[in-house]
Amino acid sequence: MSNTLPPSRFGGLFRRKSLTDILHNPPADAEGHGGGGGLARHLTVRDLTALGIAAVIGAGIFSTIGNASHDGGPAVSLLFVFTAIACAFSALCYAQFAATIPVSGSAYTYAYASFGELVAWIIGWALIMEYAVGNIVVAISWSDYFTGLLSGVGWDMPVWLTMGMQSAHKHYSEVLALMQAGQPLSAATATQLEGYNAWNSAPTLFGDLKLVIDLPAGLITLLITAVVYIGIKESKNASNLLVLLKLLVVATVIAVGVFYVNPDNWTPFAPNGVGGVLKGVSAVFFAYIGFDAISTTAEECKNPQRDLPRAMIYALIICTVLYVVITLVLTGMVSYTELGVGDPLAFVFQKVGLNWLAGVVAVSAIFAMASVLLVFQIGQPRIWMTMSRDGLLPPVFARVHPRFHTPSFSTIVTGFFVGVPALLLNMDLVIDLTSIGTLFAFALVCGGILVIDPHGQSDARFKVPYINGQFLVPIIMLIGLGLLFSYNQVGLAAFGSAVRGDGGYEEFRHYIPMLVFIVFCIGLAWLSFRKKLSLLPTLGLLTNLYLMTQLGINNWLLFFGWLIIGLFLYFNYGYKHSKLGLKKAA
């Protein structure tokens with residue numbers, strides 16, 4: 001085969017893989033498996049649903065739900081419903097792709113078939129943020145619960161070993177600013193004081209640099225990575241057991257907590273308005289990112305075309321009901337103003353004097369979030385394996401251990417990619433980065449269905465129900481605009497002021513994503529009217545893009561910075577070594 005590139009330097013950026021090529025490309029993990037090839041197909045719809053729940057019921061319900069409730073009040077329960085609807089549109093599109101292309105690779109493979117190689121690379125690069133970077137948040141949340149549990153039994157770790165350097169330095173600077181403004185040390189919050197003490201008590205490395213690390217977060221990442229590397233033949237049974245444990249604990253929290261609900265705490269329902277509710281969108285959406293992890297196990301399913309779609313929908317419904325009920329119970333037990341903590345479930349039971357139940361929640365959270373780490377640490381190496389077998393990453397990423405039959409190099413890289421930031425970084429930053437990467441993946445999957453099957457004519461075993469969006473898409477947009485004028489006058493006034501330039505560029509730049517979204521909506525409404533596009537994928541695309549506009553311009557800048565790094569790698573390696581490109585050049 002010739003190694004020369006096509007005549008046009010970038011003529012093959014949007015070359016698409018045919019379904020035949022995808023289905024006949026042997027999986028990278030077939031290496032070292034003897035004559036059988038591939039992975040053992042042993043997952044049923046029950047196992048897949050459990051994997052979805054294992055990934056979704058984790059850091060979201062045990063940690064980030066607290067900050068979201070603190071920002072939006074009890075109305076965050078409605079945000080969970082809205083986000084679940086957005087995820088449902090995406091889940092239907094994922095399900096059709098899974099039924100059409102039952103191989104590992106998730107949204108990366110789906111984008112390769114619908115949009116072409118460049119977009120596939122971008123989505124594969126974004127999935128690193130969904131899986132690997134998302135696990136950083138889970139590891140940090142796990143650490144919060146673990147150190148809280150140790151403290152409960154009388155063993156306190158040095159505070160400089162329990163938080164990231166970024167958080168400690170931030171809180172240290174905030175306390176110094178308070179003191180310089182003439183405020184007493186007692187004016188600082190408990191979290192700020194903890195960071196201040198961590199920075200002060202930490203050993204000094206070089207100059208003013210302090211050794212402040214989140215040791216438990218690093219150690220749990222190391223342990224999970226080692227388990228995934230060695231191989232987990234019983235992972236299915238372990239996942240099912242952990243999911244059962246989590247569901248029992250959540251059911252207990254609801255059953256006991258409902259007796260301590262004070263309805264007065266639900267008033268006001270949305271204390272900070274629509275803006276306050278939407279402020280929690282990144283944390284709320286982060287809770288749902290796990291359901292698409294199911295699609296990375298396609299090559300291990302007994303009947304992927306039937307079971308993957310079912311499992312995605314089942315997991316989404318179960319988890320949404322649990323999140324909504326838990327949010328109402330938490331905000332009913334204590335005031336939303338007190339929920340900005342890292343361990344809200346344990347916190348609320350301590351507040352009402354049920355310390356034994358708080359201890360049960362803390363112990364179960366340790367196992368629950370460990371299972372999330374496990375699912376994501378399995379998923380990320382498989383994405384890299386798939387990209388490597390397409391030639392977009394070096395062959396070493398497809399290397400399979402001859403004894404353990406796991407993607408050895410990819411698993412180790414994933415461990416470093418999660419473990420080192422978990423030792424040092426602030427959780428808020430990586431939550432927003434994970435959310436924007438995931439929303440981008442979801443949007444492209446919805447858009448992919450509009451490309452390959454815009455009118456619901458696929459003969460796949462599962463397909464998104466076709467509803468003609470010719471008139472419905474413009475009508476729904478007009479209804480949304482009417483609701484916006486009725487219920488978010490404050491937000492509209494701020495938007496108008498920024499667009500007019502009243503606050504200068506510094507204020508205007510925060511509304512750039514919304515302006516782009518408005519233009520996109522107009523274009524998609526016109527396209528839907530002209531082409532009679534399928535309604536559900538169109539709504540999925542719109543809702544995911546709208547949620548992306550709510551994440552703030554700084555997150556967009558970080559996201560674009562991340563994409564620039566990815567594009568640099570693609571044009572310097574992936575484009576030149578693409579197997580599809582080399583095949584066409586030959």
N265-T331 side chain donor-acceptor pair, cut-off 3.5 Å: no
From CA spacing to verdict: side-chain contact (heavy atoms from CB on, under 4.5 Å), S77, F269: CA-CA 10 Å; S77 57; F269 192 66; 3.8 Å; yes
Flag if over 12 foreign heavy atoms under 6.0 Å of CZ, F517: yes
Close side-chain approach of V499 and L515, heavy atoms under 4.5 Å: yes
is_close_aromatic(F89, F442), centroid dist under 6.0 Å: no
Side chain to side chain, I436 and F440, heavy atoms closer than 4.5 Å: no
Side chains of I518 and Y511 in contact at under 4.5 Å (non-hydrogen atoms): no
Test side-chain contact (heavy atoms from CB on, under 4.5 Å) applied to V363 and F367, step by step: CA-CA 7 Å; V363 173; F367 293 102; 3.9 Å; yes
Heavy-atom closest pair, residues T147 and M157: CG2-SD, 4.2 Å
Side-chain donor-acceptor pairs under 3.5 Å in residues 307-320, sequence neighbours left out?
| unit_1 | atom_1 | unit_2 | atom_2 | d |
| --- | --- | --- | --- | --- |
| T320 | OG1 | Y288 | OH | 3.1 |
| T320 | OG1 | L316 | O | 2.8 |

Test log, rule side chain to side chain donor-acceptor pair (under 3.5 Å), inputs S90 and N544: CA-CA 8 Å; S90 303; N544 286 313; 2.9 Å; yes
Contact check, side chains of M333 and F349, non-hydrogen atoms, under 4.5 Å: yes
Close side-chain approach of V516 to L545, heavy-atom, < 4.5 Å: no
Pair W556-I512, side-chain contact (heavy atoms from CB on, under 4.5 Å): steps then yes or no: CA-CA 10 Å; W556 278 89; I512 293 176; over 6 Å; no
Donor + acceptor pair across side chains of T221, N135 (<3.5 Å): no
Evaluation steps, side-chain contact (heavy atoms from CB on, under 4.5 Å), between V334 and L330: CA-CA 7 Å; V334 302; L330 287 181; over 6 Å; no
